Amino acid sequence: MKQKKLGLIHTSATLVPVFQQLCSAKLSGVEVFNIADDSLIKDVIARGELTPKTARRVAEHIASAESAGADFILVTCSSIGAAVEAAAPFTGVPVLRVDQPMADKAVQLGKRIGVIATLPTTLAPTADLIQRRAAAAGQQVELVTRLCEGAFDALMGGDPVKHDATVAAALKELAEQVEVIVLAQASMARVVAGLNEAERRVPILASPGLAIEYLAAVL
């Protein structure tokens, strides 16, 4: 039986080892390759939105992954999710945006869902996806969103302590208001590990692990 091949497309090289570890643990029989282009997310942040030009470049990377022999393609950045969905019908293999399994899980777990992000360009696409996945499942949900102002700049500026403290404070506040919390960015997942059990009073979902669990079930 031919070994399956998974193509991962990232907008930050820092996510390569994160997904490599997850794939090694849960997709041991699958060959994995990576395409990383941080100019995509830099453009989205600079312009405050996903432009048609950047969306076209996302589609080109997806086409490249298909040409490289991928049987399945996972795009690991939520900010470019709309481009991923637009390109999927024109791709000959399945294409998944990283936050879709997380959105589906959140809809299963509660009707009042918290969405937390450090970038507005990630907050809006993730919230939109959850609303659409809820509608597809015939569910009505209420979203409570939180943007952690300054946290992303702190992380990029070499101050992870400030980033983590800002995110942790927002998570604690949000946990008192919702039934489940969705992390719009994978970079926030490490903060959850630093919370005590009382502070993690509701499920807190991160996209990488849930996406790889989904792939383990379908590959």
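Side chains included, hydrogens not; waters and symmetry mates left out as well; all remaining heavy atoms used. It should be emphasised that the depicted structure is a prediction, and the values quoted were computed from it without experimental measurement.
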*asked:* side chain to side chain contact (heavy atoms under 4.5 Å, CB included), that's the test. Do T121 and L50 meet it? Break it down for me.
replied: CA-CA 8 Å; T121 54; L50 175 65; over 6 Å; no
Exercise. Would you kindly confirm whether I35 and L8 end up in one hydrophobic cluster when ILVMFWY residues are joined by side chain heavy atoms under 4.5 Å apart?
Key: no
When rounded to the nearest 0.5 Å, the distance separating CG of L123 from OG1 of T145 is 5.0 Å
CG (L109) and CD1 (I181) are apart, to the nearest 0.5 Å, by 12.0 Å
>> Tell me whether L119 shares a hydrophobic cluster with V144, the cluster being built from Ile, Leu, Val, Met, Phe, Trp, Tyr side chains joined at under 4.5 Å.
In response: no
* Does the side chain to side chain contact (heavy atoms under 4.5 Å, CB included) test come out yes or no for L183 and L171, once each step is laid out? -> CA-CA 9 Å; L183 303 180; L171 283 171; 3.9 Å; yes
message = Could you check whether any side-chain heavy atom of I45 comes within less than 4.5 Å of a side-chain heavy atom of F152, counting everything from C-beta outward?
response = yes
To the nearest 0.5 Å, atom CG of L74 lies from atom CZ of F19 at 5.5 Å
Discussion item. Under a 3.5 Å distance rule, please check whether K5 uses its side chain to pair with a backbone N or O of A68 as donor and acceptor.
Written reply: yes
For this session: Indicate, with yes or no, if I80 and I73 share a hydrophobic cluster defined by side-chain heavy-atom contacts under 4.5 Å among Ile, Leu, Val, Met, Phe, Trp and Tyr.
Result: yes
Can you find a heavy atom in the side chain of V202 that is under 4.5 Å from one in the side chain of L174?
-> no
Fit a plane to each ring of F72 and Y214, take the angle between them on a 0 to 90° scale, and name the class: parallel (under 30°), tilted (30 to 60°) or perpendicular (over 60°).
perpendicular
Do the charged groups of D43 and K53 touch, with an N to O distance under 4.0 Å? no
same_hphob_cluster(V16, V30) at 4.5 Å side-chain heavy-atom cutoff: no
Query raised in the report: Going by distance alone, is a donor N or O of one side chain under 3.5 Å from an acceptor N or O of the other, for R47 and T54?
Result: no
Heavy-atom closest pair (C23 atom, L6 atom, distance to 0.1 Å) is SG-CD2, 4.2 Å
ask   = Can you find a heavy atom in the side chain of E66 that is under 4.5 Å from one in the side chain of V95?
value = no
Nearest heavy-atom approach of S28 to S24 is CB-O, 4.0 Å
Correct closest heavy-atom pair for Q185 and A117 would be OE1-CB, 3.3 Å
For E149 and T166, the nearest pair of non-hydrogen atoms, with its separation, is O-CG2, 4.1 Å
>> Is there a path of hydrophobic side-chain contacts, each under 4.5 Å between heavy atoms, that joins L147 and I113?
In response: yes
Please indicate whether F33 has more than 12 foreign heavy atoms, meaning atoms of other residues, nucleotides or ligands, lying under 6.0 Å from its CZ. yes
On a heavy-atom basis, the closest approach of S207 and V98 is CB-O, 3.6 Å
Rounding to 0.5 Å, atoms CD1 (I212) and CG (L22) come to a distance of 6.0 Å
Using only atom types and a distance under 3.5 Å, with no angle test, would you say the side chain of E176 pairs donor to acceptor with the backbone of E173?
no
* Sub-3.5 Å donor-acceptor pair from the side chain of T122 to the main-chain atoms of T118, do we have one? -> no
Salt bridge flag under 4.0 Å for residues K105 and E213 | no
*asked:* Between D159 and H163, is there a side-chain heavy-atom distance shorter than 4.5 Å?
replied: no
* For Q177, does the CD atom have more than 12 heavy-atom neighbours from other residues, nucleotides or ligands under 6.0 Å away? -> yes
To the nearest 0.5 Å, atom CD of Q100 lies from atom CZ of R132 at 8.5 Å
Checklist entry - Within a strict 4.5 Å, meaning less than it, do heavy atoms of the T76 and P208 side chains meet? => result no
side-chain contact (heavy atoms from CB on, under 4.5 Å) with I204: of V192, V180, I116, only one passes, and it is V192
Check: L195 main-chain N/O paired with R200 side-chain donor or acceptor under 3.5 Å | yes
dist C148:SG -> M188:CE (nearest 0.5 Å) comes out at 6.5 Å
Original post:
Without hydrogens or angle criteria, can the side chains of K111 and Q140 be said to hold a donor-acceptor pair below 3.5 Å?
Top reply: no
Close side-chain approach of L40 and C77, heavy atoms under 4.5 Å | no
Problem set entry | salt bridge (charged side-chain N to carboxylate O under 4.0 Å, His left out) evaluation trace for R112 with E179 | CA-CA 6 Å; R112 190 168 168 84; E179 297 169 85; over 6 Å; no
Tightest non-hydrogen contact, residues L210 and P101, listed as O-CB, 3.8 Å
Note to self: Any non-hydrogen side-chain atom of P125 less than 4.5 Å from a side-chain atom of R97?
What the structure shows: yes
